[in-house]
Amino acid sequence: MKLNAKNPLVLMMLCLMAGVFITVSFLETPMKFQVSGMTLPVALELGMMMFGISTKIQCAFLILIIAGMFISRKKYTKTDFIIIAFLLAILLLEKFWMLPVLDDRAQLLSAGKPVLSSEMHNYFIYAESAKAIILCIAIGLQFTKQKMNTEAILYNAYSSRKI
């Protein structure tokens, strides 16, 4: 059995998107709070900047991914498009709802003002975790299995032997 990519460019863009996303969300974000001398306002400002940029990059990748899938849509199933739709929905929720609320909270915290308790940060973590899982599924769905033609393999093996 041989694995083939449905569209190598879509696969590449999904992998690049996953790399940017994982680097910012799961590597850079926790690490900045471990740097000695990093003040909370600076860490929050850096977080707002990094998540803003990361979200824009992810949106650009997703637009290219969707375009690539539509160009070669005969190779894709409804499941492929549904998975990408979930990814898009999460990204849009983050960009237009979660991040603006979290940015407002971060600015209040940076200014030393009191902030009411909220579950928004937890919701964002759940959304990021779901996005990571969905990206892995989307990458896995990019591959199709191609059965090898046993007759052709035997014929090629037999015909290549020198008698």
Side-chain angles (χ1 to χ4, degrees), residues 3 5-73 75-144:
L3 287 179
K6 293 176 183 176
N7 182 330
L9 292 175
V10 170
L11 175 61
M12 177 194 71
M13 286 183 283
L14 276 166
C15 291
L16 287 171
M17 180 179 170
V20 167
F21 162 68
I22 289 168
T23 300
V24 171
S25 295
F26 297 105
L27 202 61
E28 180 272 336
T29 299
M31 289 179 75
K32 75 174 168 254
F33 289 101
Q34 296 176 9
V35 174
S36 62
M38 173 88 65
T39 63
L40 182 61
V42 171
L44 292 172
E45 181 86 20
L46 182 60
M48 288 188 299
M49 185 178 74
M50 290 301 296
F51 278 107
I53 292 169
S54 174
T55 302
K56 288 175 185 169
I57 292 169
Q58 290 175 59
C59 285
F61 274 126
L62 205 48
I63 289 167
L64 293 171
I65 288 164
I66 292 168
M69 288 176 70
F70 273 107
I71 288 170
S72 55
R73 66 182 159 271
K75 296 180 180 182
Y76 290 98
T77 64
K78 284 183 183 177
T79 303
D80 294 311
F81 284 102
I82 289 170
I83 290 293
I84 296 300
F86 276 123
L87 195 58
L88 178 63
I90 291 170
L91 195 57
L92 292 176
L93 278 173
E94 287 178 348
K95 182 166 179 53
F96 295 110
W97 176 48
M98 293 180 176
L99 285 175
V101 170
L102 290 171
D103 285 351
D104 289 345
R105 291 176 57 81
Q107 288 173 349
L108 288 172
L109 280 170
S110 291
K113 295 181 180 173
V115 178
L116 296 174
S117 179
S118 169
E119 289 293 312
M120 185 59 72
H121 192 257
N122 290 335
Y123 296 154
F124 188 75
I125 292 169
Y126 302 147
E128 292 287 273
S129 300
K131 198 164 42 169
I133 292 167
I134 292 169
L135 267 169
C136 290
I137 291 168
I139 289 169
L141 289 174
Q142 290 302 304
F143 296 98
T144 58

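Aromatic ring centres of Phe124 and Phe51 lie closer together than 6.0 Å.
Under the 3.5 Å distance criterion, the side-chain polar atoms of Ser54 are left unmatched by any main-chain donor or acceptor of Phe21.
From Thr39, atom OG1 reaches atom CD of Glu45 across 10.0 Å, with rounding to the nearest 0.5 Å. How far CD1 of Ile83 is from CD1 of Ile139: 12.0 Å, rounded to the nearest 0.5 Å.
Relative ring orientation between Phe70 and Phe81 is described as tilted, the plane-to-plane angle lying within the 30° to 60° band.
The minimum heavy-atom distance between Ser110 and Pro41, with the atom names listed, is OG-CA, 3.6 Å. Contact between Leu62 and Leu88 at its shortest, heavy atoms only, is CD2-CA, 3.5 Å. Of all heavy-atom pairs spanning Leu116 and Arg105, the tightest one is O-NH1, 2.6 Å. The two residues Phe33 and Ala43 have their closest heavy-atom pair at CE2-CB, 3.6 Å. Nearest heavy-atom pair across Met48 and Ala106 is SD-CB, 3.8 Å. Here the shortest heavy-atom pairing between Phe26 and Ala132 reads CE1-CB, 4.0 Å.
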Leu87/Ile137 under side-chain contact (heavy atoms from CB on, under 4.5 Å): CA gap, chis, key distance, verdict: CA-CA 11 Å; Leu87 195 58; Ile137 291 168; over 6 Å; no

Verdict with reasoning, Met69 to Asn7, per side-chain contact (heavy atoms from CB on, under 4.5 Å): CA-CA 8 Å; Met69 288 176 70; Asn7 182 330; over 6 Å; no

Steps toward side-chain contact (heavy atoms from CB on, under 4.5 Å) verdict (Lys6, Asp80): CA-CA 11 Å; Lys6 293 176 183 176; Asp80 294 311; 2.7 Å; yes

Derivation and outcome, side-chain contact (heavy atoms from CB on, under 4.5 Å), residues Met17 and Leu135: CA-CA 9 Å; Met17 180 179 170; Leu135 267 169; 4.2 Å; yes

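Using a 3.5 Å distance cut-off with no hydrogens or angles, the side chains of Tyr123 and Glu94 do not pair a donor with an acceptor.
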